[in-house]
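The sequence lines fix the lettering, A, B, ..., with proteins before strands; numbering per chain opens at 1.
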Number of protein chains: 2
Amino acid sequence: MANRDYENWMNILREKGYRITPPLSAVARIMSECIRVMDAREIFLQARHDLPDIGLMTIYRALEKLEDARLVQRVHQPKGCQSFAPAPAGHQHLLLCENCGRHEYFSGDDLDAWFNGIGKDKGFYISDHWLQLFGQCNTCKRHINHE
Amino acid sequence: MANRDYENWMNILREKGYRITPPLSAVARIMSECIRVMDAREIFLQARHDLPDIGLMTIYRALEKLEDARLVQRVHQPKGCQSFAPAPAGHQHLLLCENCGRHEYFSGDDLDAWFNGIGKDKGFYISDHWLQLFGQCNTCKRHINHE
DNA sequence: TTGATTGCAAATATTTTGCAGGCAT
DNA sequence: ATGCCTGCAAAATATTTGCAATCAA
């Protein structure tokens with residue numbers, strides 16, 4: 001089964017004018033397939049399987065490009081904010097396993113009216129919002145219960 | 001007008017068993033009065049007005065204590081995650097001015113039923129959520145429009 | 001008195017920057 | 001051929017840790 005996401009990502013990167021190099025391709029492939037959020041070091045270690053000479057800096061620069069193309073996004077968690085996940089199609093919200101980092105997206109009820117009302121109360125113009133759920137995925141729930 | 005928050009904070013810190021020292025008091029006062037989110041360096045610079053010899057490390061350690069006592073909380077923003085704000089009473093959500101860092105809290109509709117439904121769909125047990133609004137406060141709106 | 005707390009310095013961790021050579025276009 | 005991209009090393013940033021002296025309780 002071909003990875004359609006990856007192929008689509010490469011087209012978007014090409015359209016953005018980025019050169020398609022082995023390091024960028026490797027990071028794009030890893031992130032387009034990633035189930036758990038990953039930080040630069042983890043991506044680095046995985047990319048080295050294919051490209052033994054790749055440097056950590058290159059991972060950071062590839063992530064910059066992928067972020068610019070809105071293909072990946074930084075993920076904020078109580079423990080830290082250096083992880084990344086593939087970005088969702090359109091505006092969606094993140095659901096994260098606080099144990100293993102598995103991520104899912106869900107799209108919301110329309111909360112904008114409520115948000116705008118709060119903005120009005122407080123004298124703010126609301127331009128964006130973050131909504132994120134934390135919990136335990138099926139697998140981790142099971143493991144934690146058996147401990 | 002006395003700062004009731006500050007006095008209350010000091011009692012909580014005392015109950016927690018922390019020693020009430022000038023550096024801890026200074027940071028507690030600054031944070032209990034803070035309107036805009038502040039990072040360790042900003043708190044440091046302000047604390048030095050009262051305590052010229054205070055060190056940056058002491059700010060970090062005071063923030064740890066204040067976080068432990070749930071009096072302040074770390075604030076996450078797209079630009080970075082090293083700022084702190086006084087923590088709200090109970091579970092409330094943050095509204096932030098993305099220009100000046102002014103912060104307000106609001107308390108929500110009950111979204112738990114919705115969140116739990118999403119968890120069920122995805123096979124997650126939901127343990128926590130983050131909801132945060134970003135925008136421009138009254139003052140910054142005005143300034144930005146006049147630019 | 002005594003042990004938590006402080007300030008300093010050094011260590012860590014993460015990310016950014018400068019640069020010469022390499023490679024995608 | 002051009003200049004974007006890479007890998008390396010060094011710098012910058014943010015935070016933590018070890019330690020002797022200090023001071024709140």
Side-chain angles (χ1 to χ4, degrees), chain A residues 9-30 37-69 71-84 101, chain B residues 9-30 37-69 71-84 101:
Chain A
W9 283 29
M10 296 319 282
N11 286 332
I12 292 169
L13 290 169
R14 240 184 297 270
E15 278 162 28
K16 272 263 172 188
Y18 292 122
R19 293 193 180 171
I20 306 306
T21 62
L24 182 56
S25 304
V27 176
R29 163 151 276 138
I30 290 167
V37 298
M38 298 177 82
D39 64 22
R41 184 151 250 107
E42 291 170 318
I43 298 165
F44 172 58
L45 293 174
Q46 188 162 332
R48 266 208 309 204
H49 295 160
D50 291 320
L51 302 172
D53 290 335
I54 197 170
L56 178 55
M57 296 50 212
T58 304
I59 307 296
Y60 282 110
R61 284 184 281 221
L63 285 171
E64 252 175 46
K65 287 162 193 154
L66 293 171
E67 258 195 301
D68 174 56
L71 295 172
V72 310
Q73 66 179 187
R74 185 178 288 269
V75 170
H76 298 259
Q77 289 182 271
K79 355 171 164 170
C81 307
Q82 40 281 130
S83 292
F84 294 84
Chain B
W9 284 30
M10 296 320 281
N11 286 332
I12 291 170
L13 290 170
R14 241 185 296 270
E15 278 162 27
K16 272 263 172 187
Y18 291 122
R19 293 192 181 175
I20 306 307
T21 61
L24 182 57
S25 304
V27 176
R29 162 151 276 138
I30 289 167
V37 298
M38 299 177 83
D39 64 22
R41 184 151 248 106
E42 291 170 317
I43 298 165
F44 172 58
L45 293 174
Q46 187 162 333
R48 266 210 308 205
H49 295 161
D50 291 319
L51 302 172
D53 290 335
I54 197 171
L56 178 56
M57 295 53 214
T58 304
I59 307 296
Y60 282 110
R61 284 185 279 220
L63 284 171
E64 251 176 45
K65 287 164 192 153
L66 292 171
E67 260 195 300
D68 174 56
L71 295 171
V72 310
Q73 66 180 186
R74 185 177 288 268
V75 171
H76 297 259
Q77 290 182 270
K79 354 172 165 172
C81 309
Q82 41 281 133
S83 292
F84 293 83

* Asked: Atom CZ of B:R61 and atom C1' of C:dG7: how far apart are they, to the nearest Å?
  -> 7 Å

* For DNA chain D, what residues of residues 38-54 of chain B have any heavy atom nearer than 4.0 Å? -> none

* Asked: Side chains of A:R14 and A:I20: does their closest heavy-atom pair fall under 4.5 Å?
  -> yes

* **Angle by which the axis turns from one end of the helix from C:dT1-D:dA25 to C:dT25-D:dA1 to the other, five pairs per end, to 10 degrees** => 40°

* **Distance, nearest 0.5 Å, that separates CD1 of B:I43 from CG of B:L56** => 9.5 Å

* Distance in Å, B:Q82 CD paired with A:C81 SG, rounded so as to fall on 0.5 Å steps -> 8.5 Å

* Which heavy atom in B:H76 sits nearest to a heavy atom in A:H76, and how many Å separate them? -> ND1-ND1, 3.8 Å

* Which residues pass the side-chain contact (heavy atoms from CB on, under 4.5 Å) test with B:A28, sequence neighbours left out? -> B:Y6, B:W9, B:M10, B:L13, B:L66

* A:R41 atom CZ, neighbour heavy-atom count above 12 within 6.0 Å -> no

* Who pairs with B:Q73 by side-chain hydrogen bond (donor to acceptor under 3.5 Å, both in side chains), at least two apart in sequence or on another chain? -> B:Y105

* **Comparing A:A62 and B:L56 on DNA chain D - which has the more 5′ nearest nucleotide** => A:A62

* Those residues that, when tested against B:P22, pass side-chain contact (heavy atoms from CB on, under 4.5 Å) (two or more places apart) -> B:L51

* Give a yes or no answer on whether the side chain of A:E42 reaches the backbone of A:D39 with a donor-acceptor pair at less than 3.5 Å. => yes

Give me the distances for all protein-to-nucleotides 9-11 of chain C N/O pairs that come in under 3.5 Å?
none

* Structure fact -> The salt bridge (charged side-chain N to carboxylate O under 4.0 Å, His left out) partners of B:R29 (sequence neighbours excluded) come to B:E33

* Nucleotide interval of DNA chain D bounded by contacts with chain A (heavy-atom cut-off, under 4.0 Å) -> D:dG3 to D:dA9

* B:D50: what forms a salt bridge (charged side-chain N to carboxylate O under 4.0 Å, His left out) with it, not counting sequence neighbours? -> none

* What is the distance from atom CD1 of B:I30 to atom NE2 of B:H49, rounded to the nearest 0.5 Å? -> 8.5 Å

* **Interatomic distance, B:L63 atom CG to B:L71 atom CG [nearest 0.5 angstrom]** => 11.0 Å

* Got B:T58 and B:T21 here, is their nearest side-chain heavy-atom distance under 4.5 Å? -> no

* Asked: Does OP1 or OP2 of C:dA4 have a side-chain N or O of B:K16 closer than 4.0 Å?
  -> no

* To do: Give every residue pair that meets the salt bridge (Lys or Arg N to Asp or Glu O under 4.0 Å) criterion with at least one member in residues 59-68 of chain B, sequence neighbours excluded.
  => B:K16-B:D68

Please write out each protein N/O paired with an N/O of nucleotides 23-25 of chain C under 3.5 Å, distance rounded to 0.1 Å.
residue : atom : partner : partner atom : Å
C:dA24  : N3   : A:R19   : NH1          : 3.3
C:dT25  : OP1  : A:I20   : N            : 3.1

* Asked: What is the distance from CD of B:Q82 to P of C:dT15, rounded to the nearest Å?
  -> 11 Å

